[in-house]
Amino acid sequence: MAAFLRRPAADQSAMAGAPFHSWPSEDETVWMAFYRIEGGYLLRFPSLADFQICGDDSQVICTPAPDASEADIQHLYLNQVLPLVLSALGRSVFHASAVELCGGAVAFVAATGRGKSTLAAAFTVAGHRLMTDDGLVLDARDGRYEVVPSHPSIRLWEDSLSAVMPSGLEQSPSLSFTSKARLMAGGPIEYGDQPRTLLGAYFLGEAVCDEVLLHRLSEAEALCEWTKHSFLLDVHDRGNLREQFDRVSALAVAVPCFRLDYPRRFAELERVRDAVSETTAALV
Amino acid sequence: MDMTIRYEISDQVISREVGEEAVILDLESGTYFGLATTGARIWQLIGQGKTLEEICDRVADEYEVSRADLSNDLIALAQDLTARGVIRPRSSTA
């Protein structure tokens, strides 16, 4: 694992040039800006922190902004920076949640805001252990893929929290940049801390439907979807892109993938859970 | 369109055949797209240096489709792939 070092808090100085890439926030401001610097990269979360990624071993050096909390820094490192670092080190990392199911694991793959955390939460309250809320790491082993357990927490919007989880759950300290509630594993949220074979991946649709829809993707469709939802530190690094494409090509052939779409009503979650469970059971 | 054209695939492009389809990744732009069945076969034949006419004959025979329809689709696909920068006409040799 790459080393993580901390510098004292400091104001974020202006960068010499424009970022080569950026991720937008939901309000279309810049959430994270990617810069190339001598020896590596700098990831800037405006008003929160800078993370320098340096060296062959991708050491991470964080300079928090003056008002950033410890909870902010930990979250940014674990959920945003570390997946990118792992991708640069040749690991396959995706925007997905995962839960244990049918003796293995299933992944729910989607962009931010499509419901992958809520769906994972719906499985945890039914007794299935959570493996990751985002930043799904997959390791290839002997022709199958293992889900690597990640940080044992889940973040939910208030309405999802109220609708899906039991009341009175202890929440972790809030983050300054989001109103999502953070729940650590424990109590009703059991955490799976052992790698599990990925049995199937479910790519969440855009909720343009009146019922639960689930169909198998072709291998080419799966390859495009995995590519779309990959964490990539440098989207212009051709060597890395080529390697990632090769890894994802093998993944798309090896693991059954499905398009899953459903109306985003909490009352539908039990039906969705049943459909996923039934489909996954048929794969085993 | 000149059906004797041969194309070459940009060296900034990688592709993978999965099942009967092909997925093409443009390393220059980071964009990717898929070609299904006949499109994937056309892509394969382009990579083998066949002329558009040869591709049309081969695919029409293999997939038992109308040559006239196929010719239009083939030209459209070649133009689209050229516009995306993933293929370019080969320079002629003596």
Side-chain angles (χ1 to χ4, degrees), chain A residues 19-24 32 34 36 41 84 87-88 90 92-95 109 111 140 143 145 201 203 215-259, chain B residues 7-50 55 58-60 62-65 69-70 73-74 76-88 90:
Chain A
F20 69 86
H21 188 53
S22 62
W23 287 358
M32 174 164 47
F34 295 66
R36 290 196 187 84
Y41 300 90
L84 292 168
S87 77
S92 296
V93 192
F94 304 96
H95 293 274
V109 192
Y145 286 80
F203 292 85
H215 71 264
R216 182 92 179 239
L217 296 178
S218 70
E219 290 168 352
E221 288 172 320
L223 172 50
C224 288
E225 288 292 334
W226 282 120
T227 300
K228 181 177 163 184
H229 294 98
S230 296
F231 275 89
L232 276 175
L233 177 58
D234 189 341
V235 297
H236 301 303
D237 181 333
R238 293 173 190 182
N240 202 351
L241 277 177
R242 189 185 294 269
E243 287 170 10
Q244 171 68 355
F245 197 58
D246 282 341
R247 288 196 295 268
V248 171
S249 297
L251 173 60
V253 171
V255 176
C257 294
F258 302 86
R259 172 82 63 217
Chain B
Y7 288 88
E8 57 187 11
I9 295 174
S10 166
D11 59 5
Q12 297 308 314
V13 166
I14 55 173
S15 62
R16 291 292 176 271
E17 290 172 22
V18 276
E20 289 190 334
E21 301 171 273
V23 179
I24 296 158
L25 171 64
D26 182 352
L27 296 170
E28 178 76 30
S29 63
T31 58
Y32 52 91
F33 56 96
L35 295 174
T37 324
T38 50
R41 180 60 174 139
I42 290 168
W43 175 258
Q44 202 177 48
L45 292 168
I46 287 174
Q48 292 173 10
K50 304 294 183 191
I55 293 171
R58 183 82 65 92
V59 175
E62 288 176 3
Y63 292 87
E64 297 180 341
V65 294
D69 290 341
L70 179 61
D73 291 343
L74 174 58
L77 179 59
Q79 289 173 335
D80 180 50
L81 294 175
T82 302
R84 289 174 186 257
V86 299
I87 64 173
R88 53 181 171 259
R90 277 193 190 184

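Chain naming here is simple, since letters A, B, ... match the order of the sequence lines and numbering starts at 1 in each.
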Would you name the heavy atoms of [X] and [Y] that are closest together and state the gap between them?
X	Y	answer
Glu21(B)	Ser218(A)	OE1-OG, 2.9 Å
Cys224(A)	Val23(B)	SG-CG1, 3.8 Å
Ser249(A)	Arg16(B)	OG-CG, 3.2 Å

Does any heavy atom of chain B fall under 4.5 Å from the side chain of Leu223(A), the backbone, both, or neither of them? side chain

So, the side chain of Tyr32(B) versus the backbone of Lys228(A): is there a donor-acceptor pair under 3.5 Å, distance only? yes

Indicate yes or no: at least one non-hydrogen side-chain atom of Glu28(B) is less than 4.5 angstrom from one of Arg238(A). yes

Interchain contact, Thr31(B) with chain A, by part (heavy-atom threshold 4.5 Å): neither

Residues, nucleotides or ligands: over 12 heavy atoms within 6.0 Å of Gln48(B) CD: yes

From Leu25(B) atom CG to Arg242(A) atom CZ, the distance as rounded to the nearest 0.5 Å: 8.5 Å

